[in-house]
Amino acid sequence: MTTSFGQSTVLGYPRIGAHRELKKAVEAYWAGTLNATGLENIAAGLRADVWRTLRDARLDAIPSNTFSYYDHMLDTAVAVGAIPRRFARLGLGQLDTYFAMARGVDAAPALELTKWFDTNYHYLVPEIDPDTVFAAHPENALSEYAQARDLGITTRPVLVGPATLLLLAKGDDPFSRLDDLVDTYAQILTALAEAGVAWVQLDEPAYVTDRTPAEIDALHRAYARLGQLAHRPRIFVATYFGDLGDALTALLDTPVEAIGLDLVAGPGNLHRLAAAGPLRGKTVVAGLVDGRNIWRTDLRAAVAAGATVAGLADHVAVSTSCSLLHVPVDLSAETHLDPQLSARLAFARQKVDEVVLLGRALRDGTTSLPAPLPPIPAAWRHDDVRGRLAALRPTDRHRGDYAERADRQQERLRLPDLPTTTIGSFPQTAELRRARAAHRAGTLDDAGYTARMRAEVEQVIRLQEDLGLDVLVHGEPERNDMVQYFGEQLDGFAATTHGWVQSYGSRCVRPPIIHGDVARRVPMTVAWSTYAQSLTDRPVKGMLTGPVTILAWSFVRTDQPLADTADQVALALRDECRDLEAAGIRIIQVDEPALRETLPLRRADQKAYLDWAVGAFRLATGGVADDTQIHTHLCYSEFGEVITAIDALDADVTSIEASRSKMEILDDLAAIGYRRGVGPGVWDIHSPRIPPHHEVVDALRRAVAAVPARRLWVNPDCGLKTRTYSEVEASLRHLVAAAAEVRAS
């Protein structure tokens, strides 16, 4: 076996650009202010910048085809011809068909959107049925390979592997199409080989989750078939996010030349490698640098793990544990962070340097590694918070019986059947963003900023009253992000300036960093909620983000259990809930969209997580009176997998994204006898498409057939910050009218 794979690589790199150039270009294309040629020129420049960055860092093996205008799962579905008929018959060009699949158009609702394993990245779910006609389209992979080659850079094209593509797809038994799909991959590999591609990377992360023996046998069959191709690149099967389990043995028994293992999230992979015995003719790509979090690697421990792998295989390469898609681009842009904190951090660019350094250390046996970090500063501790946690009692996580609570809440709120509401945010206009930027820059003083935000709140309240909504929100104009907003007001957090990470499509977030004990200094939302409530007689919801979601959408400290950090956040939220209640807010929504996202990938590990996750939510919400109504919101995950935990949250009302998934959550709720309020979303807010009145009525009728009207709420799938006011007003009018029609019947 040749060692031509190299000593160091990464599984992927951020594609948004250091200044979110991709987001701005894609949104300009959607708005019609940039044509397709202009968009591709910007994309080509971003790709070239990444390849040059990785080359100049002296990375040995550089990936390509990791760039995407929207999502890599969508890209692979297109590469194998899996375009549903409703999009193919639109008669659009290739790029517009692609964006129609991602965002939907009037004639064709978008593909379902859900979370990529246990990350906050959202992928588009392929639709594959027995009549899907696969066809090889390697053009994009070939184009990127050729572009890099013209720059003097040899790359390794990357595709989602065939087994993972089907296991994550929806349709009538997609996995039964594996043999057909492998034939299409064989055509793609042959085309790549003819273009001179030496290595190809096929990602199979689905096998770090629980898989049946039949699914593992199918993986073996797929790669035995691809490995036997007469003319192909060498195959690198990359896995990440956990322990590969029995699938490792299956892959080792195929002709593939390299296997990537996550040794950060899947330390069990090392034990399985040892049990497999000496690996002849294989390269093990050891994921030693965490691609998910932003803390510096313990290089000495990583070298030790790498040396262990080196004793088991013919050749070892060092890599990130997964794609660096999940971390910000470059720490050097963060000039305002506390030096004690920044010294502990590594973003994508710095992680590449760590990978290169580890590769050299394993190759040369060098021990010249940076000194370990000093202990965490004492100033990052809050002894009073730790004391409160130690004094907690089981009763602090419980409220009264739901039936009695519901009666008291209805007596206080007097809501109709099928009450209408929204999830929280209203459009974040360019004017609002400019006002927040001016306030941060000091060119808009506190009084001017407050006046501007209050004017927006009043506009949002008046609009909701005009539309006829029953329960209102203040619209959240003051919030940059549902997690970052709270992180900026809590001790123990730090905010970045340029630490953007792609969440989905053109949506980017700046996850805060939890580096110390979490404590609330002052009320965070009370002034905005009470001002909104003063403008109307209708109830206005207080809006908070739950403890699990704050953890999931932050970069979290690793020196204490996640459960302890979750309870610290929960105590801060508990205090906020009680202050909202004392100020007269009758409904408080505590969003937990990340409840399913953070679920461990192996069933054996899930109960312990759900116990502390549910406990943290109940700690946050358990301090209010029974006549205060607690809502929660969940979106864009397979929530059927945690349906009993959703029930255990004991929220009075749960709103759940349901429009793209065709209300499938209702069957899950019925199966467990769910008896509290529920609002399955009837409007897909991630599409510019305005749902017609009849479509909302049909969705509500399906919901009423499964949930009694007295417990059913009517709402969109998620917050409205990404939509325009024209889209919001038209869609909400349809929503309110549909609720009235179904209520009357």
Looking at side-chain heavy atoms only, is the closest gap between [X] and [Y] below 4.5 Å?
| X | Y | answer |
| --- | --- | --- |
| V473 | Q464 | yes |
| D698 | E695 | no |
| D243 | V208 | no |
| V10 | P63 | yes |
| F175 | L165 | no |
| R596 | L634 | no |
| L720 | L732 | yes |
| P126 | M73 | yes |

Side-chain donor/acceptor of [X] to backbone N/O of [Y], under 3.5 Å:
| X | Y | result |
| --- | --- | --- |
| N715 | G679 | yes |
| K115 | N120 | no |
| T97 | G93 | yes |
| T632 | T654 | no |
| E144 | N65 | yes |
| R733 | L467 | no |
| R510 | G499 | no |
| T320 | S323 | no |
| T549 | A594 | yes |
| Q428 | E476 | yes |

Can you tell me how far the [atom1] atom of [X] sits from the [atom2] atom of [Y], to the nearest 0.5 Å?
| X | Y | atom1 | atom2 | answer |
| --- | --- | --- | --- | --- |
| S176 | I128 | OG | CD1 | 10.0 Å |
| T119 | W553 | OG1 | CH2 | 11.0 Å |
| R103 | L124 | CZ | CG | 11.5 Å |
| I294 | S554 | CD1 | OG | 10.0 Å |
| R507 | I16 | CZ | CD1 | 11.5 Å |

By salt bridge (Lys or Arg N to Asp or Glu O under 4.0 Å), which residues pair with [X], not counting sequence neighbours?
| X | answer |
| --- | --- |
| R15 | none |
| R676 | D647, D650 |
| R20 | none |
| D180 | R177 |

The single option from Y207, F117, Y121 passing ring-ring contact (aromatic ring centres under 6.0 Å, His included) against F241: F117
Parallel, tilted or perpendicular: rings of W713 and H631 (30°, 60°): perpendicular
Y69 and Y98 aromatic ring geometry - parallel, tilted or perpendicular at 30°/60° bounds: perpendicular
Salt-bridge contact R292-D118 (side-chain N to carboxylate O under 4.0 Å): yes
Cationic N near anionic O, under 4.0 Å, E204 to R211: no
R603 CZ: over 12 foreign heavy atoms closer than 6.0 Å: no
Other residues, nucleotides, ligands: >12 heavy atoms within 6.0 Å of E27 CD: yes
Can you sort out the partners of [X] under side-chain contact (heavy atoms from CB on, under 4.5 Å), two or more places apart, ordered by chain and number?
| X | result |
| --- | --- |
| A222 | L178, V182 |
| T724 | S726, E727 |
| I42 | A25, L34, L46 |
| V105 | L90, A100, A108 |

Donor-acceptor side-chain pairing of T545 and D591 below 3.5 angstrom: no
Testing the basics here: between [X] and [Y], what is the closest heavy-atom pair and its distance to 0.1 Å?
| X | Y | result |
| --- | --- | --- |
| T66 | G12 | CG2-CA, 4.3 Å |
| L219 | A247 | CD2-CB, 4.0 Å |
| C718 | I685 | CB-CG1, 3.6 Å |
| H326 | G291 | CB-O, 3.7 Å |
| A102 | L74 | CB-CD2, 4.0 Å |

CA sep, side-chain torsions, deciding dist, call: F426, L432, side-chain contact (heavy atoms from CB on, under 4.5 Å): CA-CA 11 Å; F426 265 64; L432 284 177; over 6 Å; no
Not counting sequence neighbours, which residues clear side chain to side chain donor-acceptor pair (under 3.5 Å) with [X]? List them please.
| X | value |
| --- | --- |
| H693 | E741 |
| R702 | none |
| Y240 | D203 |

Sole residue of D106, L735, V696 in side chain to side chain contact (heavy atoms under 4.5 Å, CB included) with P691: V696
Identified side chain to side chain contact (heavy atoms under 4.5 Å, CB included) partner of D717 from the options S655, P680, S659: S659
Y725 and V460: CA distance, side-chain angles, deciding distance, side-chain contact (heavy atoms from CB on, under 4.5 Å) verdict: CA-CA 10 Å; Y725 266 106; V460 167; 3.3 Å; yes
Y70/H122 aromatic ring centres below 6.0 Å: no
Ring center gap for H72 and W116 short of 6.0 angstrom: yes
Where at least one partner belongs to residues 129-140, residue pairs that pass salt bridge (Lys or Arg N to Asp or Glu O under 4.0 Å), sequence neighbours excluded: R85-D131
Chi angles and distances behind the salt bridge (Lys or Arg N to Asp or Glu O under 4.0 Å) call for R86, E127: CA-CA 11 Å; R86 68 181 183 277; E127 296 176 7; 2.8 Å; yes
